[in-house]
A.B. asks: 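Below you'll find the structure I mean.
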Amino acid sequence: MSSIAELTESKELFVNLTLRELRGKYKRSVLGWTWSLLNPLATMVIFTVVFRFFLKVEPTRGDPSGLHVFAIFLLCGLLPWNFLSNGMSGSMGALIANSNLIKKVFFPREILVVSNIASWVVSFLLELGVLAVVLLVAGNMVLPWLLPVIGLVLIQTMYVVGLGLLLSVLNVYFRDVQHFIGILLQIWFYATPIVYPITYVRDALKDRSELFTLYKLNPMVRFVEAYRDCLYDLRSPPLFDMLYLFGVSAATLALGVYVFSKLEPKLAEEL
Amino acid sequence: MADAAVTVEGVSKRFRLYHERNRSLKATIMRGGRVRYDEFWALRDVSLQIEEGTTFGLVGENGSGKSTLLKCIAKILRPDAGKIRSRGKMAALLELGSGFHPELSGRENVFLNGSILGLSKRELTARFDEIVGFAGLERFIDQPVKNYSSGMYVRLGFSVAINIDPDVLLVDEVLAVGDAVFQRRCNEKFADFRRAGKTVVIVSHAADAMRTMCDKVAWLKDGQVVAEGRSEDVVDDYVDQGHEDRVEVTAEVAESRWGSGEVRLQDVHLLDAAGRETSHPSTGDAVTFRMRYRADKAVSKPVFGLALETLDGTWLWAHHTRDAGFVPDEIAGEGVVDLHVPNLMLQPGTYDLSASVVDYTTTHQYDYLRRCLRFDVEHGTPRESGGYVALGGQWSSDSFDA
C-alpha cells in the first residue's frame, strides 16, 4: 500500500526531473531546442561527405521501398546510435552531478538515471519524427511502420536503462569507467553498421561465417538493422532478431537493476 | 505514553577511512581488490524512542555522530547494524536549496524541489503562493535562481521544505538562516508545527536554542548516547561538561564559570533603591545590579553583560554594555559596573541572573558566571495576572464603566 503511494510520488518526481533535464539542456542558447536536431544533422552532413563521397560507401537499395539515399540510410542507424551513446554518457554523470541531492535528500536514486535517459528518449523521438517527415518527402510511406518503431524504441530504452543503471553506479566507485566507456563507444560505433551497410561485413567475412555470427551478437547491429528495416526498407525485421533484442535488453535491464540495488545503499558515502 | 514516531534500535554506523583515496580500477586490481582503510564507528549501538508530537534534540560536539544519526533516520545513510522505524511522512532540512537547478526559474525550482521532497504537483500548486510569500520572493520568482543572493536561495529552500507539512521534520542546524525578519517567521512556523502535534528532530550545538525549543534531548558523544531526557537537564549537563575543564569556580554560588580570566567578576549583587542588598525585590521596584570586577592587566574595550532566565530555563532578557554604547577604552585594576533599573517589570517568581565580561567582539569570554545570583520577585505594583513580565498596561472601555 505504501509502496504504491511511494510509486505515484516517484512518478511525479520522475516527470519533474526529466523536465529539468530537458529544460536545463538548452537554456541560454539562442537556438534552444533546435540544437537537438542540428547536432545529428551536422553529423549527417559530415559523414555523408566523408563516407559517401570520399570513401564511396554504397548504401543498400531499399527493399521493397527502392529508396537509395545515403543520408537517409545513415540517419536510420545514426539516430538509434546517438540515443545509446547519449544515454550511456548521460547516465554515467547522473549520480555524480547530483551528489548534493543524494547526500541530502532521500528518494529512489534510480530516478536520477532513468529521468536522464528519459530526456534522451524525448530527443530521440523528436529526431525520429523529423526523420519520418524526411522519409515521407522522399517517397517512403513510413506511417504504418511507426508503430513497430515505437516498439523498437521501447526495447532499446530497456537496454539503455539497464546499461545506464550499471554504468552510473560503477562510475561512482571507479571513475575510470567513463574514460573506458569513451573508448568503448568509439569501437562500438564502427562495429555497428551505421556508416556502412551490413552487407560489406558479410561479404568481407564470406569465408569466416562464424566471425559474422560473432559480429551479429552485438545487439546494436540488430537494433540498427531493425530500425532500418522498418524505416528505410519498409519491411518487418526478422522475428528472431526481435526476440534476441528483447531477450538481451531484458537481461541487461535485470543485471542493471540488480547491480544498482546492491551498490545503491552506500552511494551517499561514496560520492 | 504516546506512540513512537521514530524508533532507533541498536543502530551502528561504520565509516571507512581510506588511506589512499585512489578510485581507479588499476589501483584496485594492483592491490588485489583489497583497500587499506581504518574503520571508524560514527555510531555505536544507539537506541532512542522519539515520541509522536515531541520536539527532540540531538546535541553533541562536532564528530559526536549526531548528524550521522539524523542522516540514518532520513534514510540517506544505511546503518550497518540495527533498525530504524519511522511513521508518517518525513522531510529533512539538511541543506537548503540542494537540488536547485541554477538555470531554472524560482518557480520551476519550487516544483522540482517540492517533488524531490515528496509533494505532488497538486499539493504544490495549492501551496505555491504560501511558499513564495513565506520566502518573500514574489518579485523574483520567475528569475533564474543563479541570480539569487545566497540569502534568497536559502530562504526559498527553507520555505519549500517547511511547507511540505510532514509528520516528522528533521532539521540540521539550519535555524540560523536569513535576516532577523525571516528568522522570526521561521521560529513562528516551528512553533505552529509543534502546536499541530508534529514531531521535530533537531540537531544542533546551539545549547540555548535547544533548551528552549526541545521537549527532550539526547546527548551524543563518540557515537554513543550519554544522556537522554528532559531538555533542560540534559542540555545543562552538556553545557557544563563542555566547560568543565576550564572552570574553576570561585564565586561559590555560580552554577558554573568559565572564561580566560583577564578580567574576573568578583561578585554580583542586587541592590534596592536605598542601595541595600536584597534578594526579594517587588514588581515595579527600582533596583540596581552591581558587578565588581578586577583586571590584573589593562584590558581594552571590555563588554559587561547580564542575562535573566527563569527556573525552567527560558531565556528572558539580556543586555550588554556594547549595545548600550557604554564601553570604556580600557580598564585596569578593580572597579564596579552598575545597571540601574528604574522599574523591575518582572512578575512574582524566581529568576536566575548570569553575568559576563567579554571582549568587544562578544565572542571571547573573559569571565562568565552562569546563574550566579538567584532572587525572588514579590508582589508589587503593577500587579498583573500571570506570566514572567509585567507590561504595566491600563484597561479601559468606551462601552462601559467599571
Side-chain angles (χ1 to χ4, degrees), chain A residues 2 5-29 32 96-109 111-112 115-116 119 167 170-181 261-271, chain B residues 13-16 18 22-29 35 42 68 70-80 86-105 108-124 144 146 157 161 170 172:
Chain A
S2 68
E6 228 169 70
L7 211 69
T8 51
E9 270 172 26
S10 304
K11 196 184 75 192
E12 296 232 7
L13 175 56
F14 166 69
V15 171
N16 276 322
L17 282 173
T18 308
L19 287 177
R20 175 179 82 160
E21 297 286 340
L22 288 171
R23 287 190 188 133
K25 213 174 274 176
Y26 300 110
K27 272 267 155 107
R28 299 193 63 197
S29 57
I96 293 167
N98 288 295
S99 60
N100 61 336
L101 263 187
I102 291 174
K103 282 191 254 182
K104 301 294 173 193
V105 195
F106 172 76
F107 61 94
R109 276 76 168 87
I111 287 190
L112 288 173
S115 64
N116 186 289
S119 76
L167 293 175
L170 285 180
N171 195 34
V172 172
Y173 286 80
F174 302 106
R175 299 285 158 98
D176 337 40
V177 169
Q178 57 196 23
H179 306 294
F180 170 71
I181 291 298
S261 67
K262 280 283 158 200
L263 296 178
E264 178 260 336
K266 291 262 176 190
L267 269 184
E269 288 163 50
E270 293 291 338
L271 273 166
Chain B
K13 177 72 198 168
R14 177 188 60 199
F15 285 111
R16 289 174 175 180
Y18 294 92
N22 195 344
R23 288 162 175 279
S24 73
L25 209 55
K26 184 190 105 200
T28 307
I29 292 168
V35 187
T68 304
L70 197 74
K71 282 186 178 176
C72 285
I73 295 174
K75 296 198 263 184
I76 293 164
L77 295 175
R78 191 86 45 105
D80 290 296
S86 57
R87 299 193 339 168
K89 188 149 125 192
M90 182 146 45
L93 295 182
L94 296 187
E95 190 176 284
L96 298 169
S98 48
F100 278 178
H101 191 298
E103 296 286 351
L104 299 183
S105 72
E108 288 165 316
N109 269 308
V110 166
F111 281 93
L112 179 65
N113 208 238
S115 67
I116 289 169
L117 294 168
L119 270 193
S120 72
K121 187 164 185 176
R122 215 187 37 201
E123 292 170 295
L124 273 168
K146 62 170 181 179
L170 309 175
D172 192 356

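The sequence lines fix the lettering, A, B, ..., with proteins before strands; numbering per chain opens at 1.
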A.B. asks: Quick check on A:Glu264 against chain B: is it the side chain, the backbone, both or neither that has a heavy atom closer than 4.5 Å?
C.D. replies: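 For A:Glu264, the contact with chain B is made by the side chain alone.
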
A.B. asks: Could you look at A:Lys103 and say if it's the side chain, the backbone, both or neither that has a heavy atom under 4.5 Å from chain B?
C.D. replies: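 The backbone, not the side chain.
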
A.B. asks: Taking only residues two or more places apart in sequence, or in another chain, which ones meet A:Thr18 in a side-chain hydrogen bond (donor to acceptor under 3.5 Å, both in side chains)?
C.D. replies: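 Applying side-chain hydrogen bond (donor to acceptor under 3.5 Å, both in side chains) to A:Thr18 gives none.
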
A.B. asks: Examine distances only and state if a side-chain atom of B:Glu108 and a backbone atom of B:Ser105 form a donor-acceptor pair shorter than 3.5 Å.
C.D. replies: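 Yes; judged by distance alone, with no hydrogens or angles, the pair exists.
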
A.B. asks: Measure A:Leu17 against the heavy atoms of chain B and call it side chain, backbone, both or neither at under 4.5 Å.
C.D. replies: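 Both the backbone and the side chain of A:Leu17 come within 4.5 Å of chain B.
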
A.B. asks: For a side chain to side chain contact (heavy atoms under 4.5 Å, CB included) with A:Ile96, tell me which candidate from A:Leu112, A:Val172, A:Ile102 qualifies.
C.D. replies: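 Filter result, single survivor: A:Val172.
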
A.B. asks: Do B:Met90 and B:Ile73 come within less than 4.5 Å of each other through their side chains, counting heavy atoms only?
C.D. replies: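 In contact.
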
